[in-house]
2 protein chains.
Amino acid sequence: MAEKLRSGSMPTLEMVAAEAGVSRATVSRVVNQSPKVSPDVAAVVQAAIEHLNYVPNRAARSLVSRRTQAIAMVVPESAAKVFDDPFFAAVVQGVAQYLEDTDYTLNMIIESGSASHKTRRYLLGGNVDGALVVSHHTGDHSYSELSRNLPVVFGGRPLSDVDGDNYYVDVDNFTGACSAVEHLVASGRTRLATIAGPQDMPPGVDRLSAFHTTLSKHGLTSDLVETGDFSPPSGAEAMRRLLARGEPIDGIFAANDQMAIGAYSAIREAGLSVPGDIAVVGFDDDNYGSTATPPLTTVRQPSIEMGRRMAEKIVALIEKRAVDTVTTLNTELVIRDSA
Amino acid sequence: MAEKLRSGSMPTLEMVAAEAGVSRATVSRVVNQSPKVSPDVAAVVQAAIEHLNYVPNRAARSLVSRRTQAIAMVVPESAAKVFDDPFFAAVVQGVAQYLEDTDYTLNMIIESGSASHKTRRYLLGGNVDGALVVSHHTGDHSYSELSRNLPVVFGGRPLSDVDGDNYYVDVDNFTGACSAVEHLVASGRTRLATIAGPQDMPPGVDRLSAFHTTLSKHGLTSDLVETGDFSPPSGAEAMRRLLARGEPIDGIFAANDQMAIGAYSAIREAGLSVPGDIAVVGFDDDNYGSTATPPLTTVRQPSIEMGRRMAEKIVALIEKRAVDTVTTLNTELVIRDSA
DNA sequence: GTGAAAGCGCTAACAG
DNA sequence: CTGTTAGCGCTTTCAC
């Protein structure tokens, strides 16, 4: 058997076994922390492992165990989106961070189209033990059906939870938006308007309904709402339309920071100032708002934490431990200079 | 042999072979596009594959072929960095985009410390066929030694290419910075200053030397240089120091957009305007600059392309095809309203 | 507790 | 061109 031990390449289980003077089975047990190995033998094996600098071969292990120890993260490309939206980077970071302490690997898949055939094949082809799919504002759950065959955790509430049992972690958009509007009225603004997000996206509708709810809670009301697509230019456009209505406005709640920044320019174009004439509050707390002039008051969304929770949930799911179907994260109002 | 065909789970090569009435070897050949299979047999096999919805088992394949078809992407966490720097997201996107058309998978590894032991083990443990490491401004090549045992491609020129033969793709920082300064003098600014990046990072030194070179090319000179760490606050600080010198300044070249944005605030604090009193040009073209007021004139860095090229290079390296050691990408001056 | 033996699904000589 | 024959490195009954 000794002659079977090749010298080049990586050390194998067999080499460790030889070195430690035990069988491969025993080494395997030690590696997998099996309880039924006598402490002394385990020690010897452990020493051999360290000595040889042995690292188990993932492919071989996964071939027999039927588990890949890999988790896919699917993010929609939407061309510019991934690039322009700091949110994704943060979520990925959170996921990677959590996974670092586990034996799982993160496989990134940036989707060109929506739910391509190729990606499906990959996910269903036994390449990963589970999948994470993020869509930020869109609520796109075109991967919903996958969950019948593979553990899947979504980032963001699904637009319509048809299957009814999708696992996801989301941010409490409603409460967060309430705190934003609350802040506006608390600082004496009474003629409020809002730049809403698309009404076919969960965060879009939640943040808008929070606007109305909070207003009426204070005996106020407003029909000054214009919709944007979450991009800076769309925010500027919406603001111009709002201003064009000719009604007085002293406070704006934008459904996200990018649109709030867009609103800044429209407000300045009109010769008005922030927050002098119009106070502005955004949502997300990304670098668009934090580096703007004046720094934007906004609602912080715990993106990294969202990634962590998603990772935590998918791992639990894979390992068949009990998990909540949905996890909702709290937001935090960050008061800066715009309101 | 027929009784060996289990019905549950995923279809195997053997099942396809049975269905097509050929040997497993033949199926394998078809799957791997081997030229030596008669067209008609190939067709039958192909049909069986489609019929059974067969997808080759990666683990089994990689176990025997000794290739994982996976490529790792290592990015330094640097806590806030990944989160705040749009550059990383863009590179990752480029990499993923290129890899989408290949059989390779992208494994993301976000580094906590610098070059942790755990990551090394992972990379050297045969989990991936190659690695991509990005460090943006830092030029950190603490993974250099890895390249002796694993194909590695770096993003950004190494600080000191000790081993002399590291593969990397970089942006032409010098030429890009020259075009920025050139633009400043072309628009009539003569009292130029620069906010340089750290002088222990390649982009920091290249962009600064370009400043001096371009100036002298026009018979100008300037000792108005202050250094920042590429973050917005550091840019503001540097600008304040510059202004505090009391010498007249009518143009600023900031080594990156984030610092340029920081400079904006310092300039305004001083009661000056952009570009009225001081023209500002940045470098990178990220969303910090594009959404600022006024929109920042800057040097666009092809981040996505950089990712694509890195991916292309690593794949070529893995497949032992000839590749250039270094690839340098051109930049492009984006003229907006700040200069 | 520990070892022996039997594969996991696939590729790669080697014959025919 | 196609089938046969060996394993790749590891886990896992099943005996001892």
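Order of the sequence lines fixes the chain letters, A, B, ..., with proteins taken first and strands second; residue numbering starts at 1 for each chain.
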State, to 0.1 Å, how close A:A72 and A:L123 come at their nearest heavy-atom pair, and which atoms those are. CB-CD2, 3.5 Å

Okay, side chain of B:N57, backbone of B:A60: is any donor-acceptor separation there less than 3.5 Å? yes

Taking atom types as they are modelled, would you say the side chain of B:R29 forms a donor-acceptor pair with the base of D:dG3 within the 3.5 Å cutoff? yes

Given 3.5 Å as the limit, does a donor-acceptor pair link the side chain of B:D170 with the main chain of B:T328, or not? no

Using a distance-only test with no angle check, is there a side-chain donor-acceptor pair under 3.5 angstrom linking B:D40 and B:S38? yes

Side chains of A:Y122 and B:T105: do they bring a donor and an acceptor to under 3.5 Å? yes

Quick one: the side chain of A:R66 and the base of C:dG9, do they pair up donor-acceptor inside 3.5 Å? no

Are OP1 or OP2 of C:dA4 and a side-chain N or O of A:S23 less than 4.0 angstrom apart? no

Evaluation steps, salt bridge (Lys or Arg N to Asp or Glu O under 4.0 Å), between B:E312 and B:R308: CA-CA 6 Å; B:E312 182 182 16; B:R308 255 190 237 113; over 6 Å; no

Using five pairs at either end of the helix from C:dG1-D:dC16 to C:dG16-D:dC1, determine the angle between the two local helix axes and round it to 10 degrees. 30°

Examine D:dT11: is either OP1 or OP2 under 4.0 Å from a nitrogen or oxygen in the side chain of A:N32? Give yes or no. yes

Among D:dT12, C:dA12, D:dC10, which nucleotide has an atom closest to any side-chain atom of A:N57? D:dC10

Which residue, A:V31 or B:G21, contacts DNA chain D at a nucleotide closer to its 5' end, judged by nearest heavy atom? B:G21

Which nucleotide, D:dC10, C:dG9, D:dG3, lies nearest any side-chain atom of A:R24? D:dC10

If the cut-off is 4.0 Å, is B:S28 near the phosphate of C:dT11, judged by side-chain N/O to OP1 or OP2? yes

Does OP1 or OP2 of C:dT11 have a side-chain N or O of B:R61 closer than 4.0 Å? yes

Phosphate OP1/OP2 of D:dT2 contacted by B:S38 side-chain N/O (<4.0 Å): yes

B:V64 vs B:P39, nearer the 5' end of DNA chain D by closest nucleotide: B:P39

Answer yes if the side chains of A:R121 and A:N127 hold a donor-acceptor pair under 3.5 Å, and no otherwise. no

